[in-house]
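Here is the structure we will look at, set down as structure tokens.
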Amino acid sequence: MKHWLFKSEPGAFSYADLEASPNRTTGWDSIRNYQARNMMRDEMSVGDPVLFYHSQTGKPAVVGVAEVASTPYPDPTQFDPDSRYFDAKATLEAPRWFQVDIRALRPLERPVTLAELRNVDELAGMYLLRRGNRLSIQPVTEREFRYVLSLAAG
DNA sequence: GCCAACGTTGGC
DNA sequence: GCCAACGTTGGC
């Protein structure tokens with residue numbers, strides 16, 4: 001079992017939006033970064049725990065816990081000519097982009113902000129805290145995952 | 001809105 | 001295969 005962090009802009013899709021989705025689940029579509037795709041396609045398993053992170057907001061923070069809820073499958077937006085994520089080089093026989101579903105489990109007791117994470121020695125190695133990191137899907141160690149939860153629990 | 005960092009594209 | 005140009009991300 002691996003642990004992950006998924007970024008989302010709450011203005012586009014928030015943790016509350018995930019909780020409000022049918023079965024508290026949504027397909028994580030529109031990812032157009034090869035590293036992120038590879039993680040979804042090759043490394044994720046149903047049940048993997050996920051930290052849900054809000055970016056592009058006044059207080060970027062981990063706000064909730066989710067889990068991987070499907071095996072990987074082709075991202076349908078790549079085949080849709082009307083989508084901004086349409087990819088003319090993708091075919092049904094050879095899809096280029098893959099996604100998984102994620103399901104909301106529970107919100108954190110309180111958001112754990114990026115600023116707060118930066119002040120914790122134990123989390124110094126977190127990918128999220130690396131300079132210039134832009135990956136919207138990131139691996140998290142089990143230790144890091146638990147530590148973030150413990151911060152939220154106080 | 002600014003800017004640093006990074007990935008992708010495409011000419012050569 | 002190099003590398004400049006460009007677009008995007010995301011914190012501040």
Side-chain angles (χ1 to χ4, degrees), chain A residues 2-21 26-44 48-68 72-105 107-141 143-152 154:
Chain A
K2 294 180 176 172
H3 298 67
W4 308 98
L5 180 146
F6 280 46
K7 282 183 194 169
S8 190
E9 300 176 24
F13 192 84
S14 68
Y15 188 75
D17 291 329
L18 181 61
E19 290 185 303
S21 300
T26 198
W28 209 248
D29 64 18
S30 310
I31 298 298
R32 293 295 179 270
N33 171 283
Y34 287 105
Q35 278 181 268
R37 177 204 68 180
N38 292 348
M39 285 187 271
M40 290 197 290
R41 188 189 61 185
D42 305 333
E43 297 187 53
M44 291 192 188
D48 280 0
V50 170
L51 295 174
F52 197 100
Y53 176 85
H54 282 171
S55 65
Q56 303 275 50
T57 172
K59 276 199 182 299
V62 178
V63 297
V65 182
E67 66 178 358
V68 175
Y73 60 96
D75 177 340
T77 63
Q78 71 193 304
F79 306 124
D80 176 3
D82 295 327
S83 168
R84 71 172 276 210
Y85 297 102
F86 177 67
D87 186 339
K89 293 180 180 170
T91 65
L92 287 167
E93 297 73 27
R96 184 182 278 200
W97 305 108
F98 289 80
Q99 65 183 77
V100 296
D101 293 347
I102 67 167
R103 175 186 302 124
L105 292 180
L108 297 189
E109 290 86 346
R110 62 176 185 84
V112 178
T113 66
L114 180 62
E116 185 176 356
L117 296 175
R118 287 197 191 284
N119 281 328
V120 177
D121 289 343
E122 288 85 343
L123 298 178
M126 259 187 107
Y127 185 93
L128 183 71
L129 306 182
R130 288 191 209 163
R131 212 165 107 71
N133 98 80
R134 294 192 319 177
L135 267 184
S136 63
I137 295 176
Q138 309 174 0
V140 175
T141 67
R143 177 184 297 264
E144 290 163 350
F145 190 94
R146 286 190 184 163
Y147 203 93
V148 172
L149 297 192
S150 76
L151 287 174

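FYI, side chains are in, hydrogens and waters are out, and symmetry mates aren't considered; it's all heavy atoms of this structure.
Rounding to the nearest 0.5 angstrom, the gap separating the CZ atom in A/Phe98 from the CD1 atom in A/Ile31 is 14.5 Å. Between A/Leu92 atom CG and A/Phe79 atom CZ the span is 4.5 Å, to the nearest 0.5 Å.
Summarising the geometry, the separation between CZ on A/Arg37 and C1' on B/dT8 is reported as 14 Å, rounded to the nearest angstrom. Between the CZ atom of A/Arg32 and the C1' atom of C/dC6 there is a distance of 20 Å, rounded to whole Å. What separates CG of A/Leu135 from C1' of B/dC6 is a distance of 10 Å, to the nearest Å. Distance, A/Leu128 CG to B/dA5 P: 17 Å, rounded to whole Å. If you take CG of A/Asn33 and C1' of C/dT8, they are 11 Å apart, rounded to a whole angstrom. The CG atom of A/Asn133 sits 11 Å away from the P atom of C/dC12 (whole-angstrom rounding). Between the P atom of C/dC12 and the NE2 atom of A/His54 lies a distance of 17 Å, rounded to the nearest Å. To the nearest angstrom, P of C/dG10 lies 4 Å from NZ of A/Lys7.
In this structure, A/Tyr53 reaches the C/dG11 phosphate: one of its side-chain N or O atoms is under 4.0 Å from OP1 or OP2.
In this structure, A/Arg134 and A/Thr57 both approach DNA chain C, and ranking their closest nucleotides by distance from the 5' end singles out A/Arg134.
Considering only the side chain of A/Arg131, B/dA5 comes nearest among B/dA5, C/dG10, C/dG11. Each of C/dC12, C/dG10, B/dG7 was ranked by its minimum atom distance to the side chain of A/Gln35; first place goes to B/dG7. Ranking B/dT8, C/dC12, C/dG10 by closeness to the A/Gln56 side chain, first place goes to C/dG10.
Residues A/Arg134 and A/Ser55 have side chains that never bring a donor and an acceptor to within less than 3.5 angstrom of each other. Side-chain contact of A/Asp80 with A/Tyr85: a donor-acceptor pair under 3.5 Å is absent, judged by distance alone.
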